[in-house]
Number of protein chains: 2
Amino acid sequence: MGKSHEVRKQEIIEATMALSVEKGLKKLTTQAIADRVGIAQPTIFRHFKSRDAIFGAVINWVGDSLFKVIGDLFSTPGPADERLHQIILKQLAFMGKHRAIPRVLFSDRLHLESPKLKTVVQTMMDGYAQRLTRLIEEGIEQRVFSPELEPDRTARFILAAIQGLVMRWSVYEFNFSLEEEAEPLWQFLQPSLRP
Amino acid sequence: MGKSHEVRKQEIIEATMALSVEKGLKKLTTQAIADRVGIAQPTIFRHFKSRDAIFGAVINWVGDSLFKVIGDLFSTPGPADERLHQIILKQLAFMGKHRAIPRVLFSDRLHLESPKLKTVVQTMMDGYAQRLTRLIEEGIEQRVFSPELEPDRTARFILAAIQGLVMRWSVYEFNFSLEEEAEPLWQFLQPSLRP
DNA sequence: GTTAAAAGTAATTAATCACTCACAAATGAA
DNA sequence: TTCATTTGTGAGTGATTAATTACTTTTAAC
């Protein structure tokens, strides 16, 4: 027999992410995933109810992992500007190490073909935006950010800049270092945030 | 018989864009396009060599149309900051009227499944980025932008912010007015550009 | 050691879909 | 009118692929 349910599940998730980078999602068939894991195609369905369920698990893995990396920075006390700085650096560094993330997150295949998966992604993004909004509010109270900023809108603009950058990185086949863009991006954004 | 080649071609392009908004690209089959145009499915292939050729035509239509709207602003003389302001307003207004654009441009289906289409999109984006870079250089010469800006990188950050915003709009099913975000986005970016 | 549950597979199915082909009808130039 | 070209179609093909089924093997708990 094979490995345990939990182990196989994780193997399938990892194989799916690896393949999403190598081939794009078109060739991300259950057969291709199975081949990479080293099991037969129907065995996939012993561990996941459907193909979509695999993608859902991948999205959740991404969300959980990202939260592990930057989650603390939202709740830790300290100057909000420094924390935002760190969030930008760490998020881009994290994504720079996991090319599958933009491929999966920005995939219309997930957004448009499965309303369920779409709300999973939206919920994740909403949570992020809310934390960011809260952080900007704190920064305004701490007088490190301009009191004229609309926290909610500002949070969404910052997110848009990050997401746009990551998307560009993905579209251009990862041909520049995402990590190296993090500090310049922060430098660029800073004047717009300062009082 | 039917209409002329050119007319049918345009009808197919328009049907494809309309469907990309309504259903997402999964259901964007040649059958669905044909149904919408009111012709039989094989007739599609009288006017386009392949399904990819349709998408290529759509991308080119998008690029041409966008260029018609904002192209002048790159070459017209005048203060660079005002021109950039107008570019942001007009681009977001234009995209706000054509929901198909983000659906098509940000589709991984196009980027990852067809190397040819991918380079079409990349070339378009490159052209845009170059013009923007040039505009920022002018702005620095005119002393309306900070001389410390790296024109190329700044252009890409601005593009990322715009693209991120448009992508968010698309992911959230167009549930906010893109046009209304344009002026606030410009207000947000301005402090980062000014000397 | 028995046995029930878990994990595995080969074979197949049913659906989808881009694309082809052989032929029909309309068009327009001669 | 004639006829070559263009536009159109119904019927089909071949390829792909998620999911099911019926069956086998392995594991681990008792």
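What you see below is based on every heavy atom in this structure, not just the backbone, and it leaves out hydrogens, waters and symmetry mates. Chain identifiers are assigned alphabetically (A, B, ...) following the order of the sequence lines, protein sequences preceding nucleic acid strands; residue numbering begins at 1 within each chain. Treat the numbers as computed from the prediction; the structure is a model and nothing was measured.
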Under 4.0 Å: is that the gap between some side-chain N or O of [X] and OP1 or OP2 of [N]?
X       : N      : value
A:Thr30 : D:dT17 : no
B:Arg51 : C:dA18 : yes
B:Arg8  : D:dG8  : yes
B:His47 : D:dT6  : no
A:Thr43 : C:dA7  : no

Atom pair distance, as rounded to whole Å: [atom1] in [X] and [atom2] in [N]:
X       : N      : atom1 : atom2 : value
A:Phe48 : C:dA7  : CZ    : C1'   : 15 Å
A:Lys49 : D:dT20 : NZ    : C1'   : 13 Å
A:His5  : C:dA5  : NE2   : C1'   : 13 Å
B:Ile12 : C:dC19 : CD1   : P     : 13 Å
B:Lys9  : D:dT7  : NZ    : C1'   : 14 Å
A:Ile44 : D:dA18 : CD1   : P     : 10 Å
A:Ile33 : C:dG8  : CD1   : P     : 15 Å
B:Leu28 : C:dA18 : CG    : C1'   : 13 Å

Exercise for the section: Look at the side chain of B:Gln41 against the base of C:dC17 and say whether a donor-acceptor pair falls under 3.5 Å; ignore hydrogens and angles. Expected result: no
Side chains of [X] and [Y]: do they bring a donor and an acceptor to under 3.5 Å?
X        : Y        : value
A:Gln122 : A:Asp126 : no
A:Gln86  : A:Glu82  : no
B:Arg103 : B:Ser170 : yes
A:Gln187 : A:Glu183 : yes
B:Gln190 : B:His85  : no

Practice task
From the options D:dT17, D:dT9, C:dA18, select the nucleotide whose nearest atom is closest to the side chain of A:Thr29.
Solution key: D:dT17
Handout entry: Proximity to the side chain of A:Arg46 - top-ranked nucleotide from C:dC19, D:dT20, C:dA7
Key =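 Selected nucleotide (nearest to the side chain): C:dA7.
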Exercise for the section: Indicate, with a heavy-atom threshold strictly under 4.0 Å, whether B:Ile39 touches base, sugar-phosphate, or nothing. Expected result: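 The answer is sugar-phosphate, as B:Ile39 gets under 4.0 Å only of primed atoms, P, OP1 or OP2.
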Problem - Residue whose closest nucleotide on DNA chain C lies nearer the 5' end, A:Gly38 versus B:Ser50 - result: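 The residue closer to the strand's 5' end, by nearest nucleotide, is A:Gly38.
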